[in-house]
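Shown next, in structure tokens, is the structure this report addresses.
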Protein chains: 2
Amino acid sequence: MTATLADVAARAKVSPATVSRVLNGNYPVAATTRERVLRAVEELDYVLNGPASALAAATSDLVGILVNDIADPFFGIMAGAVQSEITGPGGRAGGERLAVVCNTGGSPERELTYLTLLQRQRAAAVVLTGGTVDSPEHTEAMSAKLRRLAEAGTRVVLCGRPPVPGTDAVALTFDNVRGGRMLTEHLLALGHRRIGYVAGPAGRTTTRERLAGHRAGLAGIGPGAVQHGDAVAHGGGGAYAGAAEYEGTANGSGVGPGAVHVLGIAHSAHPAQPVGAVDVPGGTGGAPGAVGGGVAERSGGGPEVEALVVHGAYDRQSGYDGAVELLRRDPGLTALVAANDTVALGACAALRDHGLRIPQDVSVAGFDDLPFSVDAVPALTTVRLPLSEAGARAGRIAMGREAPPPGGIAKVRGELMVRGSTAAPRQ
Amino acid sequence: MTATLADVAARAKVSPATVSRVLNGNYPVAATTRERVLRAVEELDYVLNGPASALAAATSDLVGILVNDIADPFFGIMAGAVQSEITGPGGRAGGERLAVVCNTGGSPERELTYLTLLQRQRAAAVVLTGGTVDSPEHTEAMSAKLRRLAEAGTRVVLCGRPPVPGTDAVALTFDNVRGGRMLTEHLLALGHRRIGYVAGPAGRTTTRERLAGHRAGLAGIGPGAVQHGDAVAHGGGGAYAGAAEYEGTANGSGVGPGAVHVLGIAHSAHPAQPVGAVDVPGGTGGAPGAVGGGVAERSGGGPEVEALVVHGAYDRQSGYDGAVELLRRDPGLTALVAANDTVALGACAALRDHGLRIPQDVSVAGFDDLPFSVDAVPALTTVRLPLSEAGARAGRIAMGREAPPPGGIAKVRGELMVRGSTAAPRQ
DNA sequence: CTGTTAGCGCTTTCAT
DNA sequence: ATGAAAGCGCTAACAG
């Protein structure tokens, strides 16, 4: 019923091979012949059979993009950027490449399943975005799977995810540790000493990294401990650049024009009143990225700082619940750091519902700098991640249009955006 | 290099046919044989060749999802919902179906191109989300393309998009007209008479529909003109149900428990000072969904109401620019309706930058009720669209797991969410 | 520059 | 319940 290449060949009075050559355009064909073929294609309304083409050529036009949750702009922005780069001529028969977006919900099993499915499709490339479950088993399984994909000729790029040992998958990782640290150091510099932290789901790389940054900040670890000067003023879009000890390949957009270099000055912290982390009751059900959620952990903030940490999903509800819980644990806290902007918004809502003003009573900080964050009232202090740029770069690398970073790993930095939601604590 | 079905067959000492049958599981195979085959698959780390399978079986596991902008949660939410429904066993060899998300950027050409690409892949189904360019040419081209896809066995479902005449594609359309009207009637009922409207890009279905609703509201057209009672109170999540004259299949989530039936009462509008629509200068460049943007149109609000309409892209910047422009045209306006929530947020920012308070000085309303809208300060009055439910339904229909609505067309209603951003005008 | 000839790896009658 | 064999529609050597 549907026209085939042979039909076109017959109508154009050429061989199937010639039609194929015209369509793929990678082979010299006489202009007049090409004309004839193209006309036949038109007349027959012929559309190439993708599977047949892929089978014969042993390659496909499909590019897989793994995301935890496509409804979350964090992933949507990256996926869109990847997609914009894989697009354009280059696929078979002059066609474009198609993005297969796989929603894993953060589940390790689904990640693996989708990878198999993409392998089955003989995907040209696969881009894995965002964090993942942080366990040796999953890492091992992932490693094996990615190795197999690579063997089969599929290019693998990680975007916003830690490198996978044992593979040569290119990794564009976000420097979450540094970002988390900048945020907390910013708050410490403002004078905050009782800082709550609404973390993401336990057992995930992003959660762990950001939390580690927070703790490093609290502990005033190393020469990088900072004190802000002018950049502390809120309301603007102040930029922050870490000191030189932060290694890693910097992403081009990491440092704004108003960058402020900071010095290593240790903080005297509030006398400790150690508090173990608690989980947010409820609120994490069914949320994408909600994994585990029952793991309590001890604060690593050292004896001089008070640590208040709760875990929850990467969603608004968890932010709300987490803030409520933290307020219960320490009604005197003066600042809240959230796992990301969405969580921060939820936390803001909880604070308001408790009659607390932001930032007069409690400062709030997020992470990611999603588009809506600047429109929060007050605008959210956060760490801007160059999601779009990173996604685009991942896409180009996946297409072989850009050389991978040296060593196959690039650490992409975020930029501290100091805005209205953080200020010095009262009195 | 990669193992093939034949390799598995050899190792399991059966014929390729048997391996195929085991893998696809739609055929009786002796338990012991199956065991043997499965073990061979394991041992060889065999992964089915998708293209070969699709070629032989003449079907694929791919489902296309067309979106204007995957980075926009409006589309992300729908795409995610579609994806969650097409997932699960049912594809070839027990594998799942894969979602091919195509970012059209709102471009008609790209819509058509992607449809061809999906046809080439012999996609099992295609779901087209959101509005599109509203021209006879594009509709005609679309119609032809969809017809051809349907002929080739691809199921086509429209989600949040008007039906395409000449096709039997199932359409789940949003009742944007009604939503737009509810919003404007809500403002009129509050006492507003000088209402600005920041519309989407000219020439798009969604823009046209929402604007038509706005104008219908202004004109107090027909028996459906409304006056709100208790539901007007802001701050809550009041629900609104239109009068019975609204035909169309109602979506289950369209009407909340607190629905208020309204009566046909005409509004006396402010003496007219007709103002033609103007375009937002700049700000629409490169934005997804930005199409045209240079088309001026006359107000259709009738002689008794003052119409202030500007067009722009569906993004924050357009909202900002649009509000600035409207304020310039009429510094005395008391309310602003935006094309969607994102645009509304931009408008809010502009108002604040002009020293205007929301809602005391100017009321603002959006459309869609995206997740962040409730966290705006004040929370945004808007029309909630059941994006997730609609997407899920579209997915099920595309999979043949749910019967299409009678006539192949269902009108999905939005729900008016009255919140803090709208109030009675001053004095 | 164009035609011929083999497959690519799998599914599916049709036998047995 | 299993095997044999004939393609599915296209590409890619290899001739010419």
Side-chain angles (χ1 to χ4, degrees), chain A residues 1-38 40-41 44-61 91-95 119-122 124 152-153, chain B residues 1-38 40-41 44-61 91-95 117 119-122 152-153:
Chain A
M1 219 231 74
T2 309
T4 72
L5 201 160
D7 298 333
V8 176
R11 201 175 214 302
K13 301 195 179 311
V14 295
S15 72
T18 300
V19 177
S20 175
R21 295 197 260 254
V22 170
L23 261 24
N24 288 290
N26 343 315
Y27 233 78
V29 175
T32 71
T33 317
R34 151 177 290 110
E35 280 301 297
R36 217 150 16 101
V37 170
L38 258 19
V41 167
L44 293 177
D45 232 336
Y46 172 71
V47 174
L48 188 68
N49 183 314
S53 171
L55 171 59
T59 66
S60 89
D61 288 347
R92 305 211 62 70
Q119 181 182 357
R120 171 183 299 190
Q121 295 296 335
R122 303 302 188 254
Chain B
M1 219 231 73
T2 310
T4 72
L5 202 161
D7 298 333
V8 176
R11 201 174 214 300
K13 299 192 180 315
V14 294
S15 72
T18 300
V19 177
S20 175
R21 295 198 258 255
V22 169
L23 260 24
N24 287 292
N26 341 314
Y27 232 77
V29 174
T32 70
T33 319
R34 151 178 289 110
E35 280 302 296
R36 215 147 22 97
V37 170
L38 257 19
V41 167
L44 292 177
D45 231 337
Y46 172 71
V47 174
L48 187 68
N49 183 315
S53 172
L55 171 58
T59 66
S60 90
D61 288 346
R92 304 210 63 70
L117 256 24
Q119 180 182 358
R120 171 184 298 188
Q121 296 295 335
R122 304 300 187 255

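Numbers restart at 1 for each chain; the letters A, B, ... are given by sequence-line order, proteins then strands. The basis for the numbers below is simple: all heavy atoms, side chains too, and nothing from hydrogens, waters or symmetry mates.
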Quiz item: A:L5 has an atom CG; how far is it from atom C1' of D:dC8, in whole Å?
Solution: 13 Å
Exercise. Round to the nearest Å and state the distance from A:E35 atom CD to C:dT2 atom P.
Key: 12 Å
Quiz prompt | Among C:dT11, D:dA1, C:dC1, the nucleotide that comes nearest once only the side chain of B:L48 is considered | solution = C:dT11
Quiz item: Taking only residues two or more places apart in sequence, or in another chain, which ones meet B:D45 in a side-chain hydrogen bond (donor to acceptor under 3.5 Å, both in side chains)?
Solution: A:R148
Exercise. Using the closest heavy atom to pick a nucleotide of DNA chain C for each, name whichever of B:L55 or A:T32 lands nearer the 5' end.
Key: A:T32
Practice problem: Sequence neighbours left out, what passes side-chain contact (heavy atoms from CB on, under 4.5 Å) with A:A12? Give chain and number order. | Solution: A:V14, A:V37, A:A40
Quiz item: What nucleotide among C:dT11, C:dT2, C:dC10 has an atom nearest to a side-chain atom of A:Y27?
Solution: C:dT2
Quiz item: Tell me the salt bridge (charged side-chain N to carboxylate O under 4.0 Å, His left out) pairs involving residues 21-35 of chain A, sequence neighbours left out?
Solution: none
Exercise. Could you tell me which residues satisfy side-chain hydrogen bond (donor to acceptor under 3.5 Å, both in side chains) with B:S15, sequence neighbours excluded, listed by chain and number?
Key: B:T18
Self-check item: All side-chain hydrogen bond (donor to acceptor under 3.5 Å, both in side chains) counterparts of B:T59, not counting sequence neighbours
Solution: B:R92
Quiz item: Which residue pairs satisfy the salt bridge (charged side-chain N to carboxylate O under 4.0 Å, His left out) criterion with at least one member in residues 4-15 of chain B, sequence neighbours excluded?
Solution: B:R11-B:E43
Quiz item: Where is the tightest heavy-atom contact between B:P51 and A:R122, given as atom of each residue plus distance?
Solution: CD-CG, 4.3 Å
Quiz item: Nearest to the side chain of B:T4, which nucleotide is it out of C:dC10, C:dT11, D:dG9?
Solution: C:dC10
Practice problem: Please tell me which of the listed nucleotides, C:dG9, D:dG9, C:dT11, lies nearest to the side chain of B:Y46? | Solution: C:dG9
Quiz item: How large an angle, rounded to 10°, do the end axes of the helix from C:dC1-D:dG16 to C:dT16-D:dA1 enclose when each is built from five base pairs?
Solution: 20°
Quiz item: Rounded to whole angstrom units, what separation is found between the CG atom of B:N24 and the C1' atom of C:dC10?
Solution: 9 Å
For nucleotides 3-5 of chain C, give me every protein contact, N/O to N/O, under 3.5 Å, one pair per line with atom names.
unit_1: C:dG3; atom_1: OP2; unit_2: A:S15; atom_2: N; d: 2.9
unit_1: C:dG3; atom_1: OP2; unit_2: A:S15; atom_2: OG; d: 3.3
unit_1: C:dG3; atom_1: OP2; unit_2: A:T18; atom_2: OG1; d: 2.8
unit_1: C:dG3; atom_1: N7; unit_2: A:R21; atom_2: NH2; d: 2.6
unit_1: C:dG3; atom_1: O6; unit_2: A:R21; atom_2: NH1; d: 3.2
unit_1: C:dG3; atom_1: O6; unit_2: A:R21; atom_2: NH2; d: 3.2

Exercise. Find the distance B:N26:CG to C:dT13:P and express it as a whole number of Å.
Key: 12 Å
Quiz item: Considering residues at least two apart in sequence or located in another chain, which fulfil the salt bridge (Lys or Arg N to Asp or Glu O under 4.0 Å) criterion with A:R36?
Solution: none
